[in-house]
Novice: 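Got a structure here, written out as structure tokens. Questions coming.
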There are 2 protein chains.
Amino acid sequence: MDKNQPEHLKNAGLKSTVPRLKILGLFELGQERHMSAEDVYKKLLSSGDDVGLATVYRVLTQFEQAGLLVRHYFEGGKSVFELNQGKHHDHIVCLQCGHVEEFYDAAIESRQKKIASERGFAVHDHSLHIYADCVKKQCPYKQ
Amino acid sequence: MDKNQPEHLKNAGLKSTVPRLKILGLFELGQERHMSAEDVYKKLLSSGDDVGLATVYRVLTQFEQAGLLVRHYFEGGKSVFELNQGKHHDHIVCLQCGHVEEFYDAAIESRQKKIASERGFAVHDHSLHIYADCVKKQCPYKQ
DNA sequence: TTGCAAATGAGAACTATTATCATTTGCTTC
DNA sequence: GAAGCAAATGATAATAGTTCTCATTTGCAA
Ligand SMILES: [Mn+2]
Ligand SMILES: [Mn+2]
Ligand SMILES: [Zn+2]
Ligand SMILES: [Zn+2]
């Protein structure tokens, strides 16, 4: 595990507490890259860590504001978070199994900037979600 | 007002009822193109029409399933609906005033298809939302 | 008209999330 | 290391958006 976690928190202006370290750890060395608050909460519980759900929500929001995590609003109404690695990307979400795949396309990005500026908008950010079915892949829920 | 509304409903396999006609009317001749359930409910109330909130939600979902409306999930957690005019488009949302502008870009659309199919996904649909500030436009909330 | 399945409306229930507040914990200072 | 204290936590209440339940009403076909 990453011994610099307390530093990561300090650098972000957050004091190093048990719940924060556990949650950051889940993202830094977890197998799941995209997790909702509920996902995080359940993982903590099942690994015996006793963290309140309110704290999970609070910490996720703080991490987002501190730039440690990025939040996405996928369909379905719940926020999903992932480690902020400084590289913007967009997502393909499988409607059968929920599998999330990432992609980045410079052409799409530049078209967006162009379109927005032509129309007199100063872009803050954007979200591009492609909802699809895995056809060639292993999809645990589909066959 | 559109005298063919009952036909529109019939064609969609929905029987022509008072709440359905009122709601469809709001979208067909309303000034607001993108409306949430709450928006629709409030408009009905303020025009003296007594429709239950549950009915509004039910009817909006039925209209979506019937292909009369399209639903979008903008940030903020509430669904927004608009008349389905058969032309897919994406949205720029002003973070100051909430103004929504529509755009369509063939290059972006085809890049998306390409990316998804290269990775073995069969696209159902997608959403592209650009969050921005109106800089050249009239923004009632900004200045 | 009558009959009845379909639709509606009031309110309960549910889901995701935020707010409240008494208790606990991570530093700082002695 | 112990004391002090602001910041953080956790249990739970509250909120927002939406769906469910079920008794009553309505559209429409006979
Ligand atoms: Mn991602
Ligand atoms: Mn639109
Ligand atoms: Zn992008
Ligand atoms: Zn598009």
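Each chain gets a letter, A, B and so on, in the order its sequence line appears, and its residues count up from 1. Everything numeric in this text was worked out from a predicted model, so none of it was measured.
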Novice: Looking at dG26(C), I'd like to know if its phosphate oxygens (OP1 or OP2) sit under 4.0 Å from a side-chain N or O belonging to Lys15(A).
Specialist: no
Novice: Rounded to the Å, how far apart are Tyr41(A) OH and dA16(C) P?
Specialist: 14 Å
Novice: Does the side chain of Thr17(B) get closer than 4.0 angstrom to OP1 or OP2 of dG27(D) through an N or O atom?
Specialist: no
Novice: Expressed in angstrom and rounded to an integer, what is the separation of Glu38(B) atom CD from dT19(D) atom P?
Specialist: 13 Å
Novice: Starting from P on dG10(D), measure out to CD on Gln62(A) and report it in whole angstrom.
Specialist: 12 Å
Novice: Rounding to a whole Å, what distance do you find between Gln65(A):CD and dT18(C):C1'?
Specialist: 13 Å
Novice: Take the protein atom NZ of Lys78(B) and the nucleotide atom C1' of dT17(C), then report the distance between them rounded to whole Å.
Specialist: 15 Å
Novice: Please report the C-alpha distance between Glu101(A) and Arg119(B) in whole Å, then the side-chain angles of each, then the deciding distance to 0.1 Å, and finally whether the salt bridge (Lys or Arg N to Asp or Glu O under 4.0 Å) criterion is met.
Specialist: CA-CA 9 Å; Glu101(A) 197 155 318; Arg119(B) 290 157 183 260; 3.3 Å; yes
Novice: Mind checking if Ser16(A) touches a base, just sugar-phosphate, or nothing, with heavy atoms under 4.0 Å?
Specialist: sugar-phosphate
Novice: For a quick check under 3.5 Å, do His34(B) and His91(B) share a side-chain donor-acceptor pair by atom type?
Specialist: yes
Novice: Among the nucleotides dA8(D), dG10(D), dG26(C), which one has an atom lying closest to any side-chain atom of Arg20(A)?
Specialist: dA8(D)
Novice: Which nucleotide wins on minimum distance to the side chain of Val18(A), given the candidates dT9(D), dG26(C), dG9(C)?
Specialist: dG26(C)
Novice: Can you find a pair of side-chain heavy atoms, one from Phe74(A) and one from Ser127(A), that are under 4.5 Å apart?
Specialist: no
Novice: Take the protein atom CZ of Phe74(B) and the nucleotide atom P of dG17(D), then report the distance between them rounded to whole Å.
Specialist: 16 Å
Novice: Looking at the side chain of Ala54(B), which of dA7(C), dA10(C), dT9(D) is the nearest nucleotide?
Specialist: dA10(C)
Novice: A quick test of your reading: do over 12 heavy atoms of other residues, nucleotides or ligands sit less than 6.0 Å from NZ of Lys43(A)?
Specialist: yes
Novice: Respond yes when some side-chain nitrogen or oxygen of Arg58(A) is under 4.0 Å from OP1 or OP2 of dA8(D), and no when none is.
Specialist: no
Novice: Select from Leu14(B) and Leu53(B) the residue whose nearest nucleotide in DNA chain C is closer to the 5' end of that strand.
Specialist: Leu14(B)
Novice: Determine: side-chain N/O of Ser79(A) to OP1/OP2 of dA16(C), distance under 4.0 Å, yes or no.
Specialist: no
Novice: Rounded to the Å, how far apart are Lys10(A) NZ and dA7(D) C1'?
Specialist: 14 Å
Novice: Could you tell me the separation between the CG atom of Leu60(A) and the C1' atom of dG10(D), rounded to a whole number of Å?
Specialist: 15 Å
Novice: Would you mind telling me which of dG10(D), dT18(C), dT19(D) lies closest to the side-chain atoms of Thr61(B)?
Specialist: dT19(D)
Novice: Any side-chain N or O of Tyr57(A) less than 4.0 Å from the OP1 or OP2 oxygen of dT17(C)?
Specialist: yes
Novice: For Thr61(A) and Arg58(A), which I'm curious about, is there any donor-acceptor pair between the side chains at under 3.5 Å?
Specialist: no
